[in-house]
Enquirer: 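Sharing a structure below in structure tokens format, with a few things to ask.
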Protein chains: 2
Amino acid sequence: MRASERAYVTLRADIINWHLTPGTVLGEVELSERLGVSRTPIREALAKLTAEGLTEPQSGRGMVVSEISLDHLDELFELRSALECRAAELAAQRCDPEIFLALHHQLTNAGELITAQDPARTDYYQLAGELDIAVDAAVGNHYLTQALKNLRVHLVRVRRLGKDNPTRLRDAAREHAAIALAIAHGKPAVASAATTVHLDNSLRHLLSTTH
Amino acid sequence: MRASERAYVTLRADIINWHLTPGTVLGEVELSERLGVSRTPIREALAKLTAEGLTEPQSGRGMVVSEISLDHLDELFELRSALECRAAELAAQRCDPEIFLALHHQLTNAGELITAQDPARTDYYQLAGELDIAVDAAVGNHYLTQALKNLRVHLVRVRRLGKDNPTRLRDAAREHAAIALAIAHGKPAVASAATTVHLDNSLRHLLSTTH
DNA sequence: ACAAGAACCAATGTATACACAGAATGAATT
DNA sequence: AATTCATTCTGTGTATACATTGGTTCTTGT
């Protein structure tokens, strides 16, 4: 693996996992020493991160880890809504019903995944991720999928802002199940509406637990 | 201005203006000689272009100017529709009616801008661009605006694919006028629908004149 | 003659040295 | 004592040299 890729992957993970918190200044020299590579691949990695919106050029000097401001959460969710509602519509028109019926079944029983033994909710979020992947595959649109992928990076970061509420997660799983069912049934309008409802609930929950 | 920025701006313009055609191989050494800077800023510029989707890493070695395939035009327009319809809805809810009434008026008379004296349609496309800017400003959503901005780069390239048909341009201006009017009237559903109609017409025109 | 392998070459990946700009700190003057 | 200017110093921008990888070509064997 190239050194620039390693640096990129490492920094990206550190930012998403909040090991590097918003506002942290990223000096090229410091990073190159910490990661054991020269400044050239570091610059490459920082350029990629900036293109993704995970870092921002600080006025004049250096890069900083970009803020996840609550003030902009509603804006982030507006974009998310635009993309995911349309994706749900298109998936409903084009999907293989079998796949989404299976996902609907799994999501209906997702409450079992939310246990005290798995505080990181690994299994739950993986199942939710599988729905995303299935939607992407069903839509079959490279541009739309790419836009969603760029967006999800920010959503993973946002996840850490809200308190981890088992009740909300179980509700969210039910909402996901509803979306999967609407897609399986080939009902674009319903799939879009269910997505709208889900995103509104998610946003309100986030705002209520962080303010 | 930094050398990397100059290289980026130059290459970007060359690609958008089709001075560099899709499939052209971009060698770092060749570019650094042609633009008179070293490879380092060239690499920086190419990384940015790749992030924008204007260039792609060629298998193993080098970069190529990315293809604008007709096979993917429908996908591009699906993303465009998702973003612009939602943008139109939000603009209708939040705009200052005066601005969009003025744009409506200008767009209604835009037929006059399409003359034999201006084969590049500079004035026409500038007016269309002003509508985009007004929508962005009315929406007031950084994430959505940024996604639209990224998309528009590709749309400008696509423009060259279709024949320049004055009749279609006049129709398009009328469709733009309808969108502006719906936004000015504060009717989200109408604005979204008008956008859907406009994009469908544009796509069908593109496909019919290129196939 | 065709295929397979090795060697060579060219272009990218990485490191480092140098240039330059901006910020911080200290001194001097008011 | 405070403010301003100058100097220094740290960190980024660029260039270049070196390493490495992947592709191409030439040769040899079947």
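All chains are named by letter (A, B, ...) in the order of the sequence lines, taking the proteins before the strands, and each is independently numbered beginning at 1. Predicted model only: the values in this text are computed from it and were never measured.
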Enquirer: Both B/G27 and A/S38 contact DNA chain C. Taking the nearest nucleotide for each, which residue is further toward the 5' end?
Expert: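 Looking at DNA chain C, the more 5' nearest nucleotide goes with B/G27.
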Enquirer: Does the side chain of B/S4 pick up a donor-acceptor pair with the side chain of B/R43 at under 3.5 Å?
Expert: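 No - no donor-acceptor pair under 3.5 Å links their side chains.
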Enquirer: What is the separation between atom CD1 on A/I42 and atom C1' on C/dG13, rounded to the nearest whole Å?
Expert: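 For the pair A/I42 CD1 and C/dG13 C1', the rounded distance is 14 Å.
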Enquirer: For the pair made of CZ in A/R39 and P in C/dT14, what is the distance, rounded to whole Å?
Expert: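 Checked: the CZ to P distance equals 15 Å.
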Enquirer: How many Å lie between CE on B/M63 and C1' on C/dG13, as a whole number?
Expert: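 After rounding, the reported distance stands at 12 Å.
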Enquirer: Are A/S38 and A/S32 linked by a side-chain donor-acceptor pair shorter than 3.5 Å?
Expert: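 No pair is found: no donor N or O on one side chain lies under 3.5 Å from an acceptor on the other.
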Enquirer: Is a donor from one side chain sitting under 3.5 angstrom from an acceptor on the other, for B/R12 and B/Y8?
Expert: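 Yes.
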Enquirer: Would you confirm whether B/S66, through its side chain, and B/G53, through its main-chain N or O, come within 3.5 Å as a donor-acceptor pair?
Expert: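 Side chain of B/S66 to backbone of B/G53, a donor-acceptor pair under 3.5 Å: yes, one is there.
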Enquirer: In whole angstrom, give the distance that lies between atom CZ of A/R6 and atom C1' of C/dG13.
Expert: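 Answer to the nearest Å: 12 Å.
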Enquirer: Taking the basic N atoms (NZ, or NE/NH1/NH2) and the acidic carboxylate oxygens, is any pair closer than 4.0 Å for B/E78 and A/R94?
Expert: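 Counted as a salt bridge, because a side-chain N and a carboxylate O are separated by less than 4.0 Å.
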Enquirer: Rounded to the nearest Å, what distance is computed from the CD atom of residue A/Q58 to the C1' atom of nucleotide C/dG22?
Expert: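 From A/Q58 CD to C/dG22 C1': 12 Å.
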Enquirer: For a quick check of understanding: with a heavy-atom distance under 4.0 Å over all strands, which category does B/R2 fall into, base, sugar-phosphate or nothing?
Expert: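 The residue B/R2 makes sugar-phosphate contact but no base contact.
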Enquirer: Between which nucleotides of DNA chain D, 5' to 3', does chain A make heavy-atom contacts below 4.0 Å?
Expert: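 That gives a stretch of D/dT10 to D/dT14.
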Enquirer: Under a 3.5 Å cutoff, is there a donor and acceptor pairing between the side chains of B/S192 and B/T195?
Expert: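 Side chains of B/S192 and B/T195: no pair found under 3.5 Å.
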